*Asks:* 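I have a structure here, written as structure tokens, and I will follow up with some questions on it.
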Amino acid sequence: MSRIGNKAISIPAGVTVTVADGNFVTVKGPKGELTATFNSDLKIIVEADKAEVKRPNDTKVMKTFHGTTRALLHNMIVGVSEGFKKQLEINGVGYRAQLQGNTLVVNAGYSHTCDMPIPEGLKVELPKNTVIVISGIDKQAVGQFAAEVRALRKPEPYKGKGIKYAGEHIRRKEGKTAKK
């Protein structure tokens, strides 16, 4: 029994969900519009203030599609109403970031700067030159770009230098000790 798939999704005021033939779903809200196509075997039922996903049978494949479809539809509704946000912190001497037009320029201890074009639909803010805030309506796009920025210089365990998510705990290691 899918616990996630069986939950009803509440639709906030100002958000409209339309389902076309073949489970082509369009979600419109105050922050924008998202579309996706889901498995046509599942039924997506939209009522006034809630949406539900129903599966035709209890096979393992249908159960996995059921929970995944419900989670993706919920993320679309949350995205167009509230949006998603990831915050990254940069630690290290001389490590910093800056915006140049539609490009994020990161100095991460290399001999060169790392230029990352910002994908369409995402917004990047720099409250400080060591804090990067990535926001948008598509949860997958926000998470993917944040992971790509973090991959430029993952935090190392000895001094903690690198780019990490806000609130992420880095396991620290003890360095070498001098021989007596």
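The figures that follow rest on heavy atoms only: side chains count, while hydrogens, waters and symmetry mates do not. Keep in mind the model is a prediction, meaning the values are calculated, not measured.
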*Asks:* For residues P12 and I77, report the shortest heavy-atom separation together with the two atoms involved.
*Replies:* CD-CG2, 3.7 Å

*Asks:* Tell me, with the steps shown, if N75 and F84 meet side-chain contact (heavy atoms from CB on, under 4.5 Å).
*Replies:* CA-CA 9 Å; N75 287 342; F84 293 100; 4.3 Å; yes

*Asks:* How close do V15 and S81 get, counting heavy atoms only, and between which atoms?
*Replies:*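 Looks like CG2-CB, 3.8 Å.
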
*Asks:* Do the side chain of R70 and the main chain of V53 share a donor and acceptor less than 3.5 angstrom apart?
*Replies:*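 The answer is no, because no donor-acceptor pair under 3.5 Å joins these two groups.
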
*Asks:* Taking atom OG1 of T69 and atom CD1 of I4, what is their separation to the nearest 0.5 Å?
*Replies:*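 Atom-to-atom, T69:OG1 and I4:CD1 are 13.0 Å apart.
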
*Asks:* So, do M62 and N39 sit near enough that their side-chain heavy atoms are less than 4.5 Å apart?
*Replies:*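 Side chain of M62 against side chain of N39, heavy atoms only: contact under 4.5 Å found.
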
*Asks:* Do Y95 and V106 share a hydrophobic cluster, counting only Ile, Leu, Val, Met, Phe, Trp and Tyr and linking them when any side-chain heavy atoms are less than 4.5 Å apart?
*Replies:* yes

*Asks:* Report, one line per pair, each donor and acceptor closer than 3.5 Å where one atom sits in a side chain of residues 119-133; sequence neighbours left out.
*Replies:*
| from | atom 1 | to | atom 2 | distance (Å) |
| --- | --- | --- | --- | --- |
| K123 | NZ | E125 | OE2 | 3.1 |

*Asks:* Going through the distances and angles, do L99 and L104 end up as a side-chain contact (heavy atoms from CB on, under 4.5 Å)?
*Replies:* CA-CA 5 Å; L99 285 173; L104 178 67; 4.0 Å; yes

*Asks:* Is I90 linked to Y165 within one hydrophobic cluster, defined over Ile, Leu, Val, Met, Phe, Trp and Tyr using a side-chain heavy-atom separation of less than 4.5 Å?
*Replies:* yes

*Asks:* Examine distances only and state if a side-chain atom of R172 and a backbone atom of K159 form a donor-acceptor pair shorter than 3.5 Å.
*Replies:* yes

*Asks:* Can you give me the closest heavy-atom contact between P30 and G14, atom names plus distance?
*Replies:*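 The pair with the smallest heavy-atom distance is CD-O, 3.8 Å.
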
*Asks:* Tell me whether T64 contacts the main-chain N or O of V61 through its side chain, where contact means a donor paired with an acceptor under 3.5 Å.
*Replies:* yes

*Asks:* For the hydrophobic clusters of this structure (ILVMFWY residues joined by side-chain heavy atoms under 4.5 Å, transitively), does one cluster hold both I118 and I163?
*Replies:*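 Yes.
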
*Asks:* Roughly how far, to the nearest 0.5 Å, is the CE atom of M76 from the NZ atom of K139?
*Replies:* 13.5 Å

*Asks:* Sub-3.5 Å donor-acceptor pair from the side chain of R55 to the main-chain atoms of H66, do we have one?
*Replies:*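 Side chain of R55 to backbone of H66, a donor-acceptor pair under 3.5 Å: no, none is there.
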
*Asks:* Test side-chain contact (heavy atoms from CB on, under 4.5 Å) on K63 and D58 and set out the steps.
*Replies:* CA-CA 6 Å; K63 286 181 180 181; D58 287 340; 4.0 Å; yes

*Asks:* Under 3.5 Å, is there a donor-acceptor pair between the side chain of N107 and the main chain of R96?
*Replies:*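 Not at all, since once roles are kept as given, no pair shorter than 3.5 Å links the two residues.
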
*Asks:* How long is the span from the NZ atom in K161 to the CD1 atom in I170, to the nearest 0.5 Å?
*Replies:* 14.5 Å

*Asks:* Mind checking whether D41 and F65 have side chains closer than 4.5 Å, heavy atoms only?
*Replies:*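 Side chain of D41 against side chain of F65, heavy atoms only: no contact under 4.5 Å found.
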
*Asks:* In terms of hydrophobic clusters joined by side-chain contacts under 4.5 Å, are V78 and V27 together?
*Replies:* no

*Asks:* Between R150 (side chain only) and E148 (backbone N and O only), is there a donor and an acceptor less than 3.5 Å apart?
*Replies:*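 Flag not set: sc R150 to bb E148 has no pair under 3.5 Å.
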
*Asks:* First locate atom OG1 of T113, then atom CD of Q98, and finally report the distance between them rounded to the nearest 0.5 Å.
*Replies:*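 The OG1 atom of T113 sits 8.0 Å away from the CD atom of Q98.
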
*Asks:* Do the side chains of I134 and I137 join up, straight or via other hydrophobic residues, at under 4.5 Å, putting them in one cluster?
*Replies:* no

*Asks:* Between atom CG of L88 and atom CD of E168, what is the distance when rounded to the nearest 0.5 Å?
*Replies:*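 Result: 9.0 Å between the selected atoms.
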
*Asks:* Between V80 and K28, is the side-chain contact (heavy atoms from CB on, under 4.5 Å) condition met? List the steps.
*Replies:* CA-CA 7 Å; V80 298; K28 294 180 185 175; over 6 Å; no

*Asks:* Counting only heavy atoms not in K164, do more than 12 sit closer than 6.0 Å to its NZ atom?
*Replies:*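 Yes, the 6.0 Å shell around NZ holds more than 12 heavy atoms from other groups.
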
*Asks:* Has the side chain of D138 got a donor or acceptor atom that lies under 3.5 Å from a matching backbone atom of L34?
*Replies:*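 No, D138 side chain to L34 backbone: no donor-acceptor pair under 3.5 Å.
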
*Asks:* Check E52 against A8 and note the closest heavy-atom contact, atom names and distance.
*Replies:* CG-CB, 3.9 Å

*Asks:* Which residues pass the salt bridge (Lys or Arg N to Asp or Glu O under 4.0 Å) test with K86, not counting sequence neighbours?
*Replies:*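 None.
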
*Asks:* Can you tell me which residue among I9, T16, I11, L73 is in a side chain to side chain contact (heavy atoms under 4.5 Å, CB included) with V46?
*Replies:* I11

*Asks:* For Y110 and L152, indicate whether the former's side chain and the latter's backbone hold a donor-acceptor pair under 3.5 Å.
*Replies:*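 Answer holds: yes.
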
*Asks:* As an exercise, state the distance from CD1 of I44 to CG of N23, rounded to the nearest 0.5 Å.
*Replies:*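 Going from CD1 on I44 over to CG on N23, the span is 4.0 Å.
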
